[in-house]
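Encoded as structure tokens, the structure appears first; notes follow it.
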Amino acid sequence: MALRSPNLNVMIRAAREASIKLKRDYGEVDQLQVSKKGPADYVTAADIRTEKILRGELTKARPDYGFLMEEAGIVEGTDPDRRWIIDPIDGTTNFVHGIAHFAMSIALQEHGRITAGIVFNPISEELFCAELGQGAYLNDRRIRVSSRGAMDNAVFATGIPFLGRGSEGDHQTFLKEMGAVMAVSSGIRRFGSAALDLAFVAAGRYDGFWETGLQPWDIAAGVILVREAGGLVTDIQGRDLRLEAGSILTANRNLHQPLGQTLRQARK
Ligand code: 2AM
Ligand code: CA
């Protein structure tokens with residue numbers, strides 16, 4: 001890829017270091033201690049260990065930066081304008097079930113803006129990365145969102161709410177959205193990792209993705225991947241995305257509007 005900035009190299013090195021133990025943990029998934037935060041909401045010893053390794057490596061390289069992490073929460077840095085946003089395993093349910101579709105997600109936020117992001121699946125060794133103004137890459141190859149222009153050719157990804165995630169009302173809303181999108185598209189996929197869903201949109205595999213009830217660490221890195229790959233990212237209403245808002249709608253430039261319209265119409 002084009003020249004990687006020192007910060008991007010720091011992120012990639014940290015992810016590769018953490019992946020060594022994570023791959024071992026995945027190989028022994030049957031013996032893993034799995035505790036549950038709530039119904040269908042797993043946290044594993046591997047989540048905690050991976051986050052610790054990432055935090056340690058990033059702190060070694062950039063002692064002043066702060067953190068927003070899925071497990072440990074917010075850690076203020078002495079530099080108030082820079083922090084890492086980390087999801088150590090996005091797709092924990094897949095991890096626990098022995099499904100090799102999960103990833104580390106690391107983003108760099110500077111002065112409130114995401115300026116770099118990586119999503120790394122340690123099993124497939126697919127490394128997606130992007131920096132502001134520099135494009136998006138899969139390993140060393142430049143990636144772009146798809147160019148499909150018709151809903152009926154498009155494949156969309158989403159996340160399905162589950163026991164413990166989303167209210168009864170949210171579940172009903174999702175069923176309406178899915179009914180509307182399946183009626184006009186080539187199909188819907190639900191693979192269980194929002195970070196990888198976004199990376200797959202960036203790579204042109206999915207034509208778009210929508211989900212609600214997400215956290216900033218699920219999407220921070222994926223959002224810059226999609227934007228640098230030429231896609232549009234908003235909330236479901238089509239407004240500017242705030243990472244805290246929890247809802248996301250993304251697609252290539254042709255399909256963002258029709259997908260959004262289909263979803264909003266279904267919600268009425
Ligand atoms: P996780 O694997 O890190 O928990 C699947 O629909 C997506 O939702 C995954 O990215 C998953 O991330 C995320 N997710 C699972 N449970 C969640 C929860 N309680 N709140 C927010 N996001 C969640
Ligand atoms: Ca996550």
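The residues of the chain are indexed from 1 along the displayed sequence.
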Side chain [X], main chain [Y], donor-acceptor under 3.5 Å:
| X | Y | answer |
| --- | --- | --- |
| Ser167 | Asp170 | yes |
| Glu131 | Thr115 | no |
| Tyr26 | Ala100 | yes |
| Thr250 | Leu232 | yes |
| Thr50 | Pro88 | no |
| Thr234 | Leu241 | no |
| Asp207 | Val155 | yes |
| Arg82 | Leu108 | no |
| Glu51 | Ala72 | yes |
| Tyr137 | Ile143 | no |

Any chance you could lay out the side-chain contact (heavy atoms from CB on, under 4.5 Å) test for Tyr65 and Gln109, step after step, and finish with the verdict? CA-CA 10 Å; Tyr65 291 15; Gln109 190 176 40; over 6 Å; no
Path from [X] to [Y] over hydrophobic side-chain contacts below 4.5 Å:
| X | Y | answer |
| --- | --- | --- |
| Val119 | Leu132 | yes |
| Met11 | Val75 | yes |
| Leu243 | Met69 | no |
| Val223 | Ile118 | no |
| Ile248 | Ile160 | no |

For the [atom1] atom of [X] and the [atom2] atom of [Y], what is their distance to the nearest 0.5 Å?
| X | Y | atom1 | atom2 | answer |
| --- | --- | --- | --- | --- |
| His111 | Asp81 | NE2 | CG | 4.5 Å |
| Ser146 | Asn254 | OG | CG | 8.0 Å |
| Arg24 | Arg49 | CZ | CZ | 7.5 Å |
| Arg227 | Ile224 | CZ | CD1 | 8.5 Å |
| Glu57 | Leu54 | CD | CG | 8.5 Å |
| Arg13 | Leu58 | CZ | CG | 10.5 Å |

When you compare the side chain of [Y] with that of [X], does any pair of heavy atoms fall below 4.5 Å?
| X | Y | answer |
| --- | --- | --- |
| Ile20 | Ile53 | no |
| Phe120 | Ile12 | no |
| Ile85 | Ile114 | yes |
| Pro122 | Phe102 | yes |
| Leu263 | Trp210 | yes |
| Thr93 | Phe162 | no |
| Phe95 | Asp47 | no |
| Phe209 | Arg189 | no |

Under-4.0 Å salt bridge between Arg62 and Glu110: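 Result for this pair is no, no salt bridge flagged.
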| field | Test: Lys23 and Glu125 ion pair at under 4.0 Å | value |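 Looking at Glu125 together with Lys23, the answer is yes, because their closest N to O distance falls below 4.0 Å.
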Ring geometry between His101 and Phe200 (parallel below 30°, tilted from 30 to 60°, perpendicular above 60°):
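Rings of Phe200 and His101: perpendicular, over 60°.
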(request) Decide whether Asp90 and Ser193 meet the rule of one side-chain donor and one side-chain acceptor closer than 3.5 Å. (result)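 Yes, side-chain donor-acceptor contact under 3.5 Å.
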task = Show your reasoning for whether side-chain contact (heavy atoms from CB on, under 4.5 Å) applies to Gln215 and Asp218.
result = CA-CA 5 Å; Gln215 299 290 336; Asp218 299 320; 3.5 Å; yes
Check your understanding: Does CG in Asp240 sit with more than 12 non-hydrogen atoms of other residues, nucleotides or ligands closer than 6.0 Å?
Key -> no
Glu76 CD: over 12 foreign heavy atoms closer than 6.0 Å
no
request  = Start with the C-alpha distance between Leu198 and Val233, add both sets of side-chain angles, then the distance that settles side-chain contact (heavy atoms from CB on, under 4.5 Å), and finish with yes or no.
outcome  = CA-CA 10 Å; Leu198 288 163; Val233 186; 5.7 Å; no
| request: Give the minimum heavy-atom separation between Phe128 and Arg205, together with the two atoms involved. | output: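 Looks like CZ-NH1, 4.0 Å.
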- Item | Ala202 to Ala229 - nearest heavy-atom pair and separation |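 The pair with the smallest heavy-atom distance is O-CB, 3.3 Å.
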In Gln172, His171, Glu211, Glu168, the residue satisfying side chain to side chain contact (heavy atoms under 4.5 Å, CB included) with Pro161 is His171
